2 protein chains.
Amino acid sequence: MRLSAKGEYGVRAMISLTLEESGGPVPLRNIAEKEGISEQFLEQIFLELRRAELIKSVRGPRGGYLLARNSAEISIGEIVEALEGPIAPVDCLAQEGSGRNRCEHVRKCLSIDVWIKLRDAVKGLLDGISLADLCFGEKAEKTTAMV
Amino acid sequence: MRLSAKGEYGVRAMISLTLEESGGPVPLRNIAEKEGISEQFLEQIFLELRRAELIKSVRGPRGGYLLARNSAEISIGEIVEALEGPIAPVDCLAQEGSGRNRCEHVRKCLSIDVWIKLRDAVKGLLDGISLADLCFGEKAEKTTAMV
DNA sequence: GATTAACCCTACTAATTCAGTAGACTATAT
DNA sequence: ATATAGTCTACTGAATTAGTAGGGTTAATC
Ligand code: FES
Ligand code: FES
């Protein structure tokens, strides 16, 4: 149940970008340095984020990256899914349309219920938190409690 | 954010065991066959589950495995943690006591907040579902809703 | 119009983790 | 005694991950 480095770096980098982009495009180098991430590795990450249309790029000198939308409109869930594929604790749930469901072969699978709940909880939580929430304080600060 | 085969098989096998153990110890071979899991691989899994004191073993002929506690007292969270280590989306959160916190090195890390929430949500959900819930129907069937 | 700062993109590689096997040992019911 | 079933460690092959290398393209500026 661990995120890969790509997902972790991606979220960190997007936060960094959120904090700096107000002054125009931010070069990847800046972010890589601030976050202590290899420039070339981060480049790959940003390539995927751009293809997922979460960021825009500007080429040439004084170029760099910008958020594709307002930071309040970009959720952590989107970032994670762009970099790690669909949020799903087991394969059966990942390719939802495709009918590739091991659960059916083996016997009526009782564990699928818990994985569905888990997926919905994780997705719900991550989709409900935006970059703005993390960077500029949350609407409701009190969501952590009660565990 | 995917479970490993160990975790997935472990949960499936524990469910299988719950359903069969009423008639005395269940040999590993039975479960492996029913679930379509390699016997030797499942053996390793059960070794870890026994060490985590989630199951008991009986050796010799007519031996096998039994739940160490009542099925209502064993949560899915315990099974997953026994097999996959602490539930934590990022390393920083895994070794909580040990002070090995990358977050501090780099800069005040804003993403840690979301990972803490995520961990608490996942842990809360998985710790709140028991084998009995999955096998014999849940107390409150309506827990899925609202996402 | 040359230079240079930036992004674009694919392919490769080293390291690690994962999934599964092998095989030798121990306990116990019959 | 023998067969059945768990115990345990070490090994291996495959897959994934993390990171590198290096050759593009675009556009601002001098
Ligand atoms: S085999 Fe897919 S979750 Fe049961
Ligand atoms: S570096 Fe650990 S979550 Fe920020």
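Values in this document were obtained by computation on a predicted structure and should not be read as measured data. Order of the sequence lines sets the chain letters (A, B, ...), proteins ahead of strands, with each chain counted from 1.
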Could you pull out the closest heavy-atom pair between [X] and [Y], with the gap in Å?
X	Y	value
A/Gly10	A/Ile45	CA-CG2, 4.0 Å
B/Pro86	B/Ala94	CG-O, 3.9 Å
A/Phe41	A/Ala5	CE2-CB, 4.5 Å

Test of understanding: clusters of I, L, V, M, F, W, Y form through side-chain heavy atoms closer than 4.5 Å, transitively. Do [X] and [Y] belong to the same one?
X	Y	value
B/Tyr65	B/Leu47	no
A/Met14	A/Leu66	no
B/Val58	B/Val26	no

When B/Glu43, B/Glu84, B/Glu48 are each screened for salt bridge (Lys or Arg N to Asp or Glu O under 4.0 Å) with B/Lys6, the one that passes is B/Glu48
Respond yes when some side-chain nitrogen or oxygen of B/Ser38 is under 4.0 Å from OP1 or OP2 of C/dT21, and no when none is. yes
N/O contacts under 3.5 Å, protein versus nucleotides 5-9 of chain C?
{"residue": "C/dC7", "atom": "OP1", "partner": "A/Leu28", "partner atom": "N", "Å": "2.7"}
{"residue": "C/dC7", "atom": "O3'", "partner": "A/Ser57", "partner atom": "OG", "Å": "3.4"}
{"residue": "C/dC8", "atom": "OP1", "partner": "A/Arg50", "partner atom": "NE", "Å": "3.1"}
{"residue": "C/dC8", "atom": "OP1", "partner": "A/Ser57", "partner atom": "OG", "Å": "2.5"}
{"residue": "C/dC8", "atom": "OP2", "partner": "A/Tyr65", "partner atom": "OH", "Å": "2.8"}
{"residue": "C/dC8", "atom": "N4", "partner": "A/Glu43", "partner atom": "OE1", "Å": "3.4"}
{"residue": "C/dC9", "atom": "OP2", "partner": "A/Arg50", "partner atom": "NH2", "Å": "2.4"}
{"residue": "C/dC9", "atom": "N4", "partner": "A/Glu43", "partner atom": "OE1", "Å": "2.6"}

Protein-nucleotide distance ([X], atom [atom1]; [N], atom [atom2]), rounded to Å:
X	N	atom1	atom2	answer
B/Gln44	C/dC18	CD	P	13 Å
A/Phe41	C/dC12	CZ	P	19 Å
B/Leu3	C/dT17	CG	C1'	15 Å

Ionic contact status for A/Arg69 with A/Glu53, cut-off 4.0 Å: no
Looking at B/Arg12 and B/Glu8, is there a salt bridge between them, counting it only when a charged N and a carboxylate O are closer than 4.0 Å? yes
Please list, for nucleotides 13-16 of chain C, all pairs of protein and nucleotide N/O atoms separated by less than 3.5 Å.
none

For DNA chain D, note the earliest and the latest nucleotide, 5' to 3', having some atom under 4.0 Å of a heavy atom belonging to chain B. D/dA3 to D/dA10
Can you list the steps and then say if A/Thr18 with A/Phe136 is a side chain to side chain contact (heavy atoms under 4.5 Å, CB included)? CA-CA 10 Å; A/Thr18 303; A/Phe136 311 125; 3.9 Å; yes
